[in-house]
K.L.:
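Dropping the structure in here first, questions after.
Throughout, protein chains are lettered first and strands after them, A, B, ... in sequence-line order, and every chain is numbered starting at 1.
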Amino acid sequence: MTPKRCDVLVIGSGMGGLCAAALLSQAGYHTLVAERLPRIGGRCSTIEYKGFKCAAGAIGPEMGGLLEETFRQVGAEFDVRPAGPPSYLINGKICEVPPKGGFRKLFAAATSDEAELERVMGAISGALSWMEPSRTTSLREWLLQYTQNESILSIFQAMVSATTMLNASELPAREYFLFLKKLRGYRGFGFCPQGSIALPRALAAVIEKHGGAIWTRAPAVQIITNNRIARGAVIKKEGEEIEIHASAVISNCGPGRTVQLVGKQHIDQGYLKELNTDVRAVMLIAIQLATDKPLLDHNYLIVTGARRINALFQPTNVCPEIAPPGKHLLVAGAAPASTAPPLNARAELDLCFQDLRDLLPGFEEHAEVLLTGTFHGQWPAMHAWPGDDMSLKTPIVNLYNVGDGVKSPGMIALPAVAETARLVAEDIKMRLAPAA
Amino acid sequence: MISVDEDLCVGCAMCVPYCPEDAISCYGQAHINENCIDCLACLEYCPVEALKETVLEN
Ligand SMILES: Cc1cc2nc3c(=O)[nH]c(=O)nc-3n(C[C@H](O)[C@H](O)[C@H](O)COP(=O)(O)OP(=O)(O)OC[C@H]3O[C@@H](n4cnc5c(N)ncnc54)[C@H](O)[C@@H]3O)c2cc1C
Ligand code: SF4
Ligand code: SF4
């Protein structure tokens with residue numbers, strides 16, 4: 001088959017790939033997105049199951065940040081309804097968090113020792129207003145300098161594992177404070193009434209409106225390089241291998257897979273070493289339940305002090321469209337004890353289900369388990385731990401990575417992914433002109 | 001017949017809803033039970049290519 005040509009070839013239709021493709025096609029670049037799966041969105045998508053719009057990954061996109069800004073910029077509909085602020089479960093009691101002074105209120109629910117509270121508050125305000133702590137200490141180690149109070153420590157554990165998806169004993173303290181500054185602790189997010197797939201669909205519509213194309217069931221099997229310059233890729237479609245030539249190639253399939261598609265022999269040794277030693281996938285457990293009555297009074301509850309569950313979401317409170325009439329979808333999130341492989345999935349899941357029985361009165365009678373998912377390895381919560389990401393550029397000229405393996409410090413999940421797409425799109429606009 | 005490559009399967013359960021026969025259960029890894037009619041509908045939905053069609057030789 002004769003080679004085809006486009007300006008920009010995007011491998012993968014995750015939110016990283018689609019944000020980049022939407023920005024570039026709007027700027028006049030002829031863009032092709034090739035996706036391996038039959039469905040777009042990658043880990044921000046929706047699977048219809050038993051009448052529910054189940055989450056295939058992300059359930060709560062950030063509102064008011066870089067993701068929404070990207071949608072506004074390209075003219076894509078951002079169909080997200082605010083979830084409202086989180087509530088916390090601390091020592092068996094619900095604690096609501098005000099927009100300002102949240103930390104103080106949370107710690108006051110955990111300790112009556114005024115001096116201890118001031119010590120922790122002082123340390124936090126120093127880290128926020130003066131200097132972040134070192135990246136060599138974990139958040140837990142950093143906290144232990146100021147408090148030994150297990151209730152306070154478990155507030156942080158739940159808060160960071162529910163948002164950054166790493167345990168407090170794993171997350172570098174520096175990353176946590178950068179995250180608080182850049183993403184305000186991920187307080188402003190929402191749920192999609194049509195499921196998270198509404199977001200990739202809206203971007204796909206923009207790409208097609210500007211003359212771009214999105215192929216599904218179309219895996220890239222090789223990235224073509226010549227003298228360390230990217231020339232395009234081989235895409236498999238309907239049993240045929242099609243050579244696509246492009247001025248720039250954007251890979252959305254994670255930095256590890258990108259290297260495999262290029263072939264290790266073409267990649268700089270130092271880059272490979274970094275990839276092999278520094279980049280670890282973030283693990284996550286997500287359990288989706290169908291219930292015949294609301295088992296939770298809250299839209300979003302951060303659970304402290306449980307065995308594994310760190311957050312409960314009931315998106316149907318604000319988006320009843322997600323479930324059949326009269327039913328609710330409840331999603332429980334958990335971080336395994338250690339994000340270092342191997343994952344003892346069954347043992348971790350057993351602990352999650354023990355938690356669910358304790359946390360949700362009526363679990364046995366009113367809940368049906370829809371999907372029990374563990375996310376790690378090649379289909380993780382994020383391709384790299386916050387702070388350990390690879391660069392957007394690869395050692396191959398005009399080959400970029402986007403997505404959650406190339407985040408900038410302090411950024412996590414969807415807003416981080418949108419940022420990678422924006423930076424790559426800017427770089428391409430500066431360096432390469434679209435073909436007339 | 002269809003089989004799960006245990007070295008690849010991450011247990012994400014993304015394949016489960018696509019089975020018309022409720023033949024896939026997932027608890028840490030996917031497991032195919034005797035309801036499977038080999039329709040192959042699940043195959044292309046696995047994001048890590050852990051579902052494989054194995055050809056039995058006779
Ligand atoms: C269970 C779960 C819950 C989450 N919850 C949230 C949340 O509430 N809020 C939030 O902001 N984030 C959340 N996240 C994180 C968020 O989903 C991800 O960070 C984000 O979706 C990743 O986007 P991406 O573009 O980097 O990659 P992906 O979404 O993984 O996209 C990559 C795409 O590339 C395709 N691909 C791979 N190889 C090839 C190939 N060779 N050829 C063609 N295509 C290929 C894949 O099929 C995929 O579609 C969650 C993640 C998980 C797993
Ligand atoms: S082959 Fe068909 S019946 Fe068998 S597990 Fe897959 S989808 Fe289900
Ligand atoms: S989709 Fe693939 S990785 Fe996920 S549970 Fe099914 S077989 Fe395993």
Side-chain angles (χ1 to χ4, degrees), chain A residues 12-14 35-39 41-43 45-57 195 216-219 221 236 253-254 256-257 281 283-288 290 336 341-353 369-381, chain B:
Chain A
S13 71
E35 165 59 50
R36 191 163 58 69
L37 294 173
R39 126 179 91 69
R43 286 169 288 144
S45 196
T46 300
I47 307 180
E48 299 273 344
Y49 187 40
K50 302 191 179 177
F52 290 81
K53 294 183 171 67
C54 290
T216 51
R217 301 183 160 97
V221 291
K236 221 171 167 176
C253 44
R257 269 227 179 114
M283 292 180 179
L284 172 76
I285 296 170
I287 299 170
Q288 307 193 49
L343 172 69
N344 188 346
R346 290 183 154 265
E348 293 290 335
L349 288 170
D350 288 347
L351 292 170
C352 291
F353 279 99
V369 179
L370 289 170
L371 297 171
T372 301
T374 52
F375 298 83
H376 57 112
Q378 284 301 324
W379 203 247
Chain B
M1 64 173 263
I2 201 101
S3 66
V4 180
D5 184 331
E6 289 180 8
D7 292 333
L8 292 178
C9 174
V10 298
C12 65
M14 297 294 101
C15 52
V16 172
Y18 295 103
C19 175
E21 302 296 320
D22 256 331
I24 314 176
S25 56
C26 182
Y27 197 81
Q29 282 204 316
H31 176 78
I32 315 267
N33 68 31
E34 64 287 348
N35 293 345
C36 174
I37 54 164
D38 278 326
C39 70
L40 307 185
C42 54
L43 201 72
E44 59 181 7
Y45 285 95
C46 174
V48 297
E49 294 174 79
L51 293 171
K52 303 242 156 85
E53 188 186 3
T54 42
V55 182
L56 290 181
E57 286 174 37
N58 49 356

K.L.:
What are the two closest heavy atoms between A:A55 and B:M14, and how far apart are they?
P.N.:
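Scanning both residues completely, I find the closest heavy atoms to be O-CE, 4.1 Å.
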
K.L.:
Nearest 0.5 Å, please: how far is SG in B:C15 from CG in A:L371?
P.N.:
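Between A:L371 CG and B:C15 SG, I get 9.0 Å after rounding to 0.5 Å.
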
K.L.:
Minimum heavy-atom separation for A:H376 to B:V10, with atom names?
P.N.:
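In this case the closest contact between A:H376 and B:V10 is NE2-O, 3.0 Å.
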
K.L.:
Taking only distance into account, with no hydrogens and no angle test, what donor-acceptor pairs under 3.5 Å do side-chain atoms of residues 44-53 of chain B form with protein atoms, sequence neighbours excluded?
P.N.:
from  : atom 1 : to     : atom 2 : distance (Å)
B:E44 : OE1    : A:R217 : NE     : 3.0
B:E44 : OE2    : A:R217 : NE     : 3.1
B:E44 : OE2    : A:R217 : NH2    : 2.6
B:K52 : NZ     : B:D5   : OD2    : 3.2

K.L.:
What residue, out of A:P380, A:G373, A:G57, A:G42, has the most heavy-atom pairs lying under 4.5 Å from chain B?
P.N.:
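Winner by heavy-atom pair count: A:G373.
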
K.L.:
Tell me which of these, A:L37, A:I47, A:N344, has more heavy-atom pairs under 4.5 Å with chain B than the rest.
P.N.:
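The option with the most such pairs is A:I47.
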
K.L.:
Heavy-atom cut-off 4.5 Å, strictly under: side chain, backbone, both or neither for A:F353 against chain B?
P.N.:
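Only the side chain of A:F353 comes within 4.5 Å of chain B.
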
K.L.:
Picking from A:E348, A:Q378, A:R346, which has the most non-hydrogen pairs under 4.5 angstrom with chain B?
P.N.:
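Greatest number of close heavy-atom pairs with chain B: A:R346.
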
K.L.:
Is chain B contacted by the side chain of A:E48, its backbone, both, or neither, given a heavy-atom distance below 4.5 Å?
P.N.:
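A:E48 touches chain B through backbone heavy atoms alone.
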
K.L.:
Do any side-chain atoms of residues 23-36 of chain B form donor-acceptor pairs under 3.5 angstrom with protein atoms, and if so which ones, sequence neighbours left out?
P.N.:
from  : atom 1 : to     : atom 2 : distance (Å)
B:Y27 : OH     : A:D350 : N      : 3.3
B:Y27 : OH     : A:D350 : OD1    : 2.6
B:Q29 : NE2    : B:E6   : O      : 2.8
B:Q29 : NE2    : B:C9   : O      : 3.0
B:N33 : OD1    : B:N35  : N      : 2.9

